[in-house]
Amino acid sequence: MAKMILLVGAAVASGMLLYVFLRWERSGREHWVVFLLLGSLVFESSLWDNQTGIPPGLFHPGTGSLVFRLPEVFITVALVARLMIKGTPKRIGLPALLWLAVAAWWALEAVEGVLRHNSLVKLPFEAKAIIYVMAAYALASGVPIRRYLEGRGFERLLRWSALSSVVLLVLSAAHKKYALNIPLLRLLDFGSMGTDVATIFVCVGVIGFLLELGKERRSRLNLWCAVPLALSPFFAYQRAVLLTLGAVVTVVVLVGLGATARQRLRIRSGQVAIAALAVVGVVLAVSVIPAITSQKSVTGPLASTFASTVGATLGSQAKQQSAQDRINKWNVALGDAKQHPFLGQGLGFEYSYFQAGPNVFIVTDLTENIGLDLWLRTGLIGLGLFLLAIVTSLVNGFATWRLHPDRMVGVFALALFAVVIGLLAAGQVESIFENYRLATVFGLSLGMLRSAVTSGGGGPTAMRTYQAMRQYEVV
């Protein structure tokens, strides 16, 4: 009876969402769905640090084994609304065709998982990655790129994310956690800076920061908002989010040294001064306030705070055991992947490995590595299709940064390029496809990057042709 009531309620809610999304599609506001998805992910991951610890309620409707996640509902209903208003696309480029092939192969591997009698509990959760990544890609890529850049969508997302980051940073630094029993919104340990929210903060921060650098008139508040978002990974105590931050910063710095950056990112001395003052303000806040509240002298607790944070993240005994557990996983998963190297074991495949510490064997379906996950489940064919799709998307995205005639679109493409690289870096030590939050951000970022590419002609060759023809234009 409870499941029947849930299904009826889900049908009613989906019908209401479909009505709203249809109106957005008709009125040229289809980009609002993407911002709704990103905003809901920021809000949800700020309240609950772990995706598996969300109690049943508004963000996790379900009963027993029948559960839903809001992103999968939003994406599915939004795509239905898109098809009802605009129909199927008349032309599909090579990158989109490759991602469609990846989705089709994953669907085939789901059938193989059933035939191999893999876990029917794990299989549906792994199959949902098709919605989080490929369906989100299709949803975001079908929006004209100027819709993302016009208006204040990313600006509001940046500011609200910065506010959430400040709250979590203060609570994390003060070691305060709160539990609230609100109907449909029960909080268990609000105040923890989780890995998911810190990763999303980094993604939102780099997009907002680079877009602000590309503007003629910049907002000082938006530049300040990037500071707490960049600090959040140091309070999440996880290697994956530090890898994301390191990869994003490396991409931005390396690209910033090139000639294209001097043309498209117009950095003035005033912005440099604002960024420096923001860093000084954070240093003072972290060093002076704790000293005043504890009535101690200021002896540089900022350095000790970061040293202890990075030490706990990278060098603690627990992290060393975690690294050993991951190596044990990889050794076992690699052997299982070699049993069916080309077709894979199918979705829902589980294996057991030895976990140091408690000294027990653990049964899991995760390998904590995106490449090994794909090889184990989808074989070398699935891994090869994914690599072709991701490399093609990244190559086209970087060409858009360099060659797109619209400077702001190029800057937006660079930010999305850095986000995708950062998430792939996190995927070297985490299984991001099973994390619906990061998988959705990954799919939306790839989709928006594709929208930027198609707005410039569809690829590097078309954009180079446009650049070559500009010298013949009559002014």
Side-chain angles (χ1 to χ4, degrees), residues 41-42 44-46 48-54 125-126 129 132-133 161 164-165 168-169 172 192-207 228-252 306 308-330 333 353 355-357 362 364-376 386 390 416-446:
L41 289 174
V42 170
E44 173 202 310
S45 55
S46 298
W48 297 281
D49 61 337
N50 193 329
Q51 65 165 0
T52 61
I54 303 177
F125 288 97
E126 295 178 3
Y132 301 138
V133 179
S161 299
S164 298
S165 177
L168 291 178
L169 286 173
S172 298
S192 299
M193 180 69 76
T195 307
D196 297 344
V197 70
T199 304
I200 296 174
F201 283 160
V202 171
C203 297
V204 173
V206 69
I207 294 175
L229 297 176
L231 287 176
S232 57
F234 295 99
F235 291 84
Y237 300 98
Q238 291 291 335
R239 282 181 289 253
V241 66
L242 290 180
L243 284 175
T244 301
L245 178 64
V248 167
V249 171
T250 300
V251 169
V252 173
F306 275 91
S308 61
T309 300
V310 176
T313 305
L314 300 178
S316 66
Q317 183 179 359
K319 293 303 178 182
Q320 292 174 4
Q321 292 179 350
S322 175
Q324 184 60 48
D325 291 341
R326 189 172 285 109
I327 293 175
N328 295 341
K329 282 185 179 182
W330 291 348
Y353 72 99
Q355 187 178 57
I362 302 296
T364 183
D365 63 322
L366 307 178
T367 69
E368 309 296 344
N369 180 272
I370 187 174
L372 194 51
D373 273 333
L374 289 170
W375 187 11
L376 178 64
F386 176 81
I390 194 67
L416 295 169
F417 176 87
V419 166
V420 173
I421 293 294
L423 291 174
L424 288 175
Q428 304 311 303
V429 293
E430 294 290 342
S431 296
I432 63 173
F433 289 143
E434 283 63 49
N435 188 321
Y436 71 92
R437 295 167 173 172
L438 301 186
T440 302
V441 174
F442 185 70
L444 292 176
S445 300
L446 285 169

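Residue numbers count from 1 along this sequence.
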Participant: Please lay out, stage by stage, how Trp48 and Val197 fare under the test side-chain contact (heavy atoms from CB on, under 4.5 Å).
Facilitator: CA-CA 9 Å; Trp48 297 281; Val197 70; over 6 Å; no
Participant: Is the backbone N or O of Tyr436 less than 3.5 Å from a side-chain atom of Thr440, with the two atoms forming a donor-acceptor pair by type?
Facilitator: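 Yes: the side chain of Thr440 pairs with the backbone of Tyr436.
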Participant: Any sub-3.5 Å donor-acceptor pair from Asn369's side-chain atoms to Val429's backbone N or O?
Facilitator: no
Participant: Can you name the closest pair of heavy atoms from Ile432 and Gly427 and give their distance?
Facilitator: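 So the two residues come closest at CG2-CA, 4.0 Å.
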Participant: Find out whether Arg239 and Gln428 are in side-chain contact, i.e. whether some heavy atom of one side chain is under 4.5 Å from a heavy atom of the other.
Facilitator: no
Participant: What residues form a side chain to side chain donor-acceptor pair (under 3.5 Å) with Ser164, not counting sequence neighbours?
Facilitator: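 Expected list: none.
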Participant: My understanding is that only one of Val202, Thr199, Leu243, Val248 makes a side chain to side chain contact (heavy atoms under 4.5 Å, CB included) with Leu423; could you say which?
Facilitator: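 When Val202, Thr199, Leu243, Val248 are each tested with Leu423, the side chain to side chain contact (heavy atoms under 4.5 Å, CB included) holds only for Thr199.
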Participant: State, with a plain yes or no, whether a side-chain heavy atom of Ile390 is found less than 4.5 Å away from one of Leu446.
Facilitator: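 Ile390 vs Leu446: side chains touch.
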Participant: List the atom of Leu229, the atom of Pro233, and the distance in Å for their closest heavy-atom pair.
Facilitator: O-CD, 3.6 Å
Participant: State, to 0.1 Å, how close Ala236 and Gly194 come at their nearest heavy-atom pair, and which atoms those are.
Facilitator: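 Heavy-atom minimum between the residues: CB-O, 3.9 Å.
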Participant: Counting only N and O atoms by type, is there a donor-acceptor contact under 3.5 Å from the side chain of Ser445 to the main-chain atoms of Val420?
Facilitator: no
Participant: Take Asp373 and Glu434 through the test side-chain contact (heavy atoms from CB on, under 4.5 Å) and record every step on the way to the result.
Facilitator: CA-CA 10 Å; Asp373 273 333; Glu434 283 63 49; 4.0 Å; yes
Participant: To check you understand the geometry: which heavy-atom pair defines the closest contact between Ala198 and Val241, and what is its length?
Facilitator: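 Between these two residues, the closest heavy atoms are CB-CG2, 3.6 Å.
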Participant: Looking at every heavy atom in both Ala247 and Ala425, which two are closest together, and how far apart are they?
Facilitator: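 In terms of heavy atoms, the two residues are closest at CB-CB, 3.7 Å.
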Participant: Do Leu168 and Ser46 have side chains that get closer than 4.5 Å, going by heavy atoms?
Facilitator: yes
Participant: Going by ring-ring contact (aromatic ring centres under 6.0 Å, His included), name the residues that satisfy it together with Phe433, two or more places apart in sequence or in a different chain.
Facilitator: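 Partners of Phe433 under the ring-ring contact (aromatic ring centres under 6.0 Å, His included) test: Trp106, Phe386.
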Participant: Taking the side chain from Glu44 and the backbone from Arg437, do they hold a donor-acceptor pair closer than 3.5 Å?
Facilitator: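 Judged by distance alone, no pair lies under 3.5 Å.
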Participant: Do Ile207 and Leu416 touch side chain to side chain, with heavy atoms closer than 4.5 Å?
Facilitator: yes
Participant: Taking the side chain as C-beta and beyond, is there a heavy-atom pair between Leu231 and Phe201 under 4.5 Å?
Facilitator: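 Sidechains of Phe201 and Leu231: no contact.
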Participant: Output all residues satisfying side chain to side chain donor-acceptor pair (under 3.5 Å) with Tyr353, sequence neighbours left out; order by chain, then residue number.
Facilitator: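 Side chain to side chain donor-acceptor pair (under 3.5 Å) list for Tyr353, sorted by chain: empty.
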Participant: If you measure from CZ on Phe442 to CD1 on Ile370, what distance do you get to the nearest 0.5 Å?
Facilitator: 5.5 Å
Participant: Taking the side chain as C-beta and beyond, is there a heavy-atom pair between Met193 and Leu169 under 4.5 Å?
Facilitator: yes
Participant: If we ignore hydrogens and angles and just use 3.5 Å, is the side chain of Thr367 paired with the main-chain N or O of Trp330 as donor and acceptor?
Facilitator: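 No: the side chain of Thr367 does not pair with the backbone of Trp330.
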Participant: My understanding is that only one of Leu438, Asn50, Leu41, Asp49 makes a side chain to side chain contact (heavy atoms under 4.5 Å, CB included) with Asp196; could you say which?
Facilitator: Leu438
